[in-house]
Engineer: 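Quick one: this structure, given as structure tokens, is what I'll be asking you about.
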Amino acid sequence: KERYKNKELDNNTIEDIKQKITVIKEKELYLNPNVTLDETAKDLKISKHLLSQYLNEKLGQSFTNFINGFRIEKAKELLKSNTNHTIEGIGYDCGFNSKSTFFTTFKKITGKTPSEYQKMHVK
């Protein structure tokens with residue numbers, strides 16, 4: 001059975017959400033370690049159901065994976081440039097609540113641990 005069978009997203013809604021979610025990156029909402037789907041939907045002035053459906057159907061990912069993607073991109077930037085922060089500190093700075101979640105997510109997304117990534121990019 002299909003999850004959103006009777007709730008097809010129309011093109012206007014898709015475009016509206018696509019525009020609005022750029023705010024997540026621009027305002028770095030993902031850096032908040034307690035960010036939620038509910039809170040983000042309110043910030044974007046759309047329903048949490050629409051946001052969730054858009055992420056699932058159009059981007060093929062959950063809210064958590066969507067947010068963690070931004071966090072890992074930010075972490076990669078910091079790992080390349082910021083040698084005076086600990087790797088663990090970078091994880092917290094990027095919105096992760098724990099060292100283990102940061103390390104696990106980083107490896108899942110990049111295929112490398114944060115320290116392996118850093119060694120490859122810091123001269």
Side-chain angles (χ1 to χ4, degrees):
K1 65 183 186 191
E2 288 188 48
R3 196 169 176 186
Y4 302 109
K5 194 172 183 195
N6 300 323
K7 297 178 189 141
E8 190 82 16
L9 290 174
D10 63 74
N11 288 337
N12 290 344
T13 305
I14 292 168
E15 284 307 310
D16 187 43
I17 296 171
K18 199 185 286 184
Q19 300 257 278
K20 287 180 176 181
I21 63 174
T22 61
V23 170
I24 296 169
K25 187 166 174 63
E26 288 165 8
K27 291 190 176 176
E28 297 186 324
L29 300 178
Y30 57 88
L31 295 180
N32 173 356
N34 303 312
V35 69
T36 63
L37 174 67
D38 221 5
E39 187 183 289
T40 303
K42 279 182 188 145
D43 286 346
L44 302 180
K45 294 175 180 53
I46 52 178
S47 82
K48 67 180 181 178
H49 302 291
L50 276 179
L51 179 56
S52 182
Q53 182 177 359
Y54 176 82
L55 295 173
N56 284 285
E57 282 186 353
K58 300 300 171 196
L59 303 183
Q61 52 188 239
S62 68
F63 177 73
T64 302
N65 289 342
F66 178 70
I67 292 296
N68 283 344
F70 288 129
R71 289 175 174 165
I72 295 304
E73 286 308 307
K74 182 75 170 180
K76 285 163 57 177
E77 285 173 34
L78 294 174
L79 287 166
K80 286 180 190 176
S81 62
N82 212 337
T83 49
N84 60 346
H85 273 70
T86 64
I87 288 174
E88 190 175 345
I90 288 173
Y92 288 118
D93 288 348
C94 292
F96 287 95
N97 279 318
S98 74
K99 177 182 170 182
S100 62
T101 305
F102 172 52
F103 278 56
T104 304
T105 306
F106 194 94
K107 180 136 181 146
K108 189 171 108 185
I109 290 177
T110 67
K112 295 178 177 28
T113 65
S115 56
E116 288 168 343
Y117 184 88
Q118 189 176 45
K119 283 183 187 126
M120 285 174 53
H121 293 91
V122 174
K123 269 72 184 160

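In this text, all values refer to a predicted model and were calculated from it rather than measured experimentally.
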Engineer: Determine the minimum heavy-atom distance between Ser52 and Leu37, stating which atoms define it.
Structural biologist: CB-CD2, 3.9 Å
Engineer: So, using salt bridge (charged side-chain N to carboxylate O under 4.0 Å, His left out) as the criterion, who are the partners of Glu28 when residues are at least two apart?
Structural biologist: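 In terms of salt bridge (charged side-chain N to carboxylate O under 4.0 Å, His left out), with neighbours along the sequence ignored, Glu28 is linked to Lys74.
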Engineer: So do Arg71 and Phe106 actually touch side chain to side chain, heavy atoms under 4.5 Å?
Structural biologist: no
Engineer: In Å and rounded to the nearest 0.5 Å, what is the CD1 to CD distance from Ile109 to Glu73?
Structural biologist: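 These two atoms lie 8.0 Å from each other.
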Engineer: Would you confirm whether Lys25, through its side chain, and Phe70, through its main-chain N or O, come within 3.5 Å as a donor-acceptor pair?
Structural biologist: no
Engineer: Identify whether the distance between the nearest side-chain nitrogen and carboxylate oxygen of Glu15 and Lys18 falls below 4.0 Å.
Structural biologist: yes
Engineer: Return the set of residues passing side-chain contact (heavy atoms from CB on, under 4.5 Å) with Phe103 (not counting sequence neighbours), or none when no residue passes.
Structural biologist: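 So Phe103 forms a side-chain contact (heavy atoms from CB on, under 4.5 Å) with Ile87, Lys99, Pro114.
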Engineer: About how many Å separate CE of Met120 and OG of Ser115, when rounded to the nearest 0.5 Å?
Structural biologist: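 If we round to the nearest 0.5 Å, Ser115:OG and Met120:CE are 12.0 Å apart.
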Engineer: Can you name the closest pair of heavy atoms from Ser47 and Ala41 and give their distance?
Structural biologist: C-CB, 3.9 Å
Engineer: Please list, chain by chain and in numerical order, all residues satisfying salt bridge (charged side-chain N to carboxylate O under 4.0 Å, His left out) with Lys112, sequence neighbours excluded.
Structural biologist: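 Partners of Lys112 by the salt bridge (charged side-chain N to carboxylate O under 4.0 Å, His left out) criterion come out as none, since no residue qualifies.
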Engineer: Quick one: CG on Leu55 to CD on Glu57, what's the gap to the nearest 0.5 Å?
Structural biologist: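 The distance works out to 10.5 Å.
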Engineer: Any chance you could measure Tyr54, atom OH, to Leu59, atom CG, to the nearest 0.5 Å?
Structural biologist: 4.5 Å
Engineer: Taking C-beta and beyond as the side chain, do Ile67 and Leu29 meet within less than 4.5 Å on heavy atoms?
Structural biologist: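 SC-SC contact between Ile67 and Leu29 ruled out.
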Engineer: Under the salt bridge (charged side-chain N to carboxylate O under 4.0 Å, His left out) rule, collect the residues that match up with Glu88, sequence neighbours excluded.
Structural biologist: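 Checked Glu88 against salt bridge (charged side-chain N to carboxylate O under 4.0 Å, His left out); zero matches.
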Engineer: So, Glu116 and Lys119, do they make that salt bridge, N to O below 4.0 Å?
Structural biologist: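 No, this pair does not count.
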Engineer: How are the rings of Phe102 and Phe96 set relative to one another: parallel (under 30°), tilted (30 to 60°) or perpendicular (over 60°)?
Structural biologist: tilted
Engineer: Using the salt bridge (charged side-chain N to carboxylate O under 4.0 Å, His left out) criterion, which residues pair with Glu26? Sequence neighbours excluded.
Structural biologist: none
Engineer: Distance check, rounded to the nearest 0.5 Å: Leu44 atom CG versus Leu50 atom CG?
Structural biologist: 11.5 Å
Engineer: Quick one: does Thr104's side chain have a donor or acceptor within less than 3.5 Å of a partner on Thr101's backbone?
Structural biologist: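 It does not hold such a pair.
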Engineer: For Lys48, is the NZ atom crowded, meaning more than 12 foreign heavy atoms sit under 6.0 Å from it?
Structural biologist: no
Engineer: Measuring from atom CD of Gln53 to atom CD1 of Ile17, what distance do you get when rounded to the nearest 0.5 angstrom?
Structural biologist: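 If I round to the nearest 0.5 Å, the distance is 7.5 Å.
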Engineer: Here's a test for you: under side chain to side chain contact (heavy atoms under 4.5 Å, CB included), which of Asn32, Ile46, Ile24 qualifies with Thr40?
Structural biologist: Ile24
Engineer: For a quick check under 3.5 Å, do Thr64 and Asn68 share a side-chain donor-acceptor pair by atom type?
Structural biologist: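 Thr64 vs Asn68: no donor-acceptor pair found between side chains.
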Engineer: My understanding is that only residues two or more places apart in sequence, or in another chain, count here; which of them pass side-chain contact (heavy atoms from CB on, under 4.5 Å) with Lys108?
Structural biologist: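 Residues passing side-chain contact (heavy atoms from CB on, under 4.5 Å) with Lys108: Asn65.
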Engineer: Using every non-hydrogen atom in the two residues, find where Pro33 and Asn97 come nearest and quote the distance to one decimal.
Structural biologist: CB-OD1, 3.2 Å
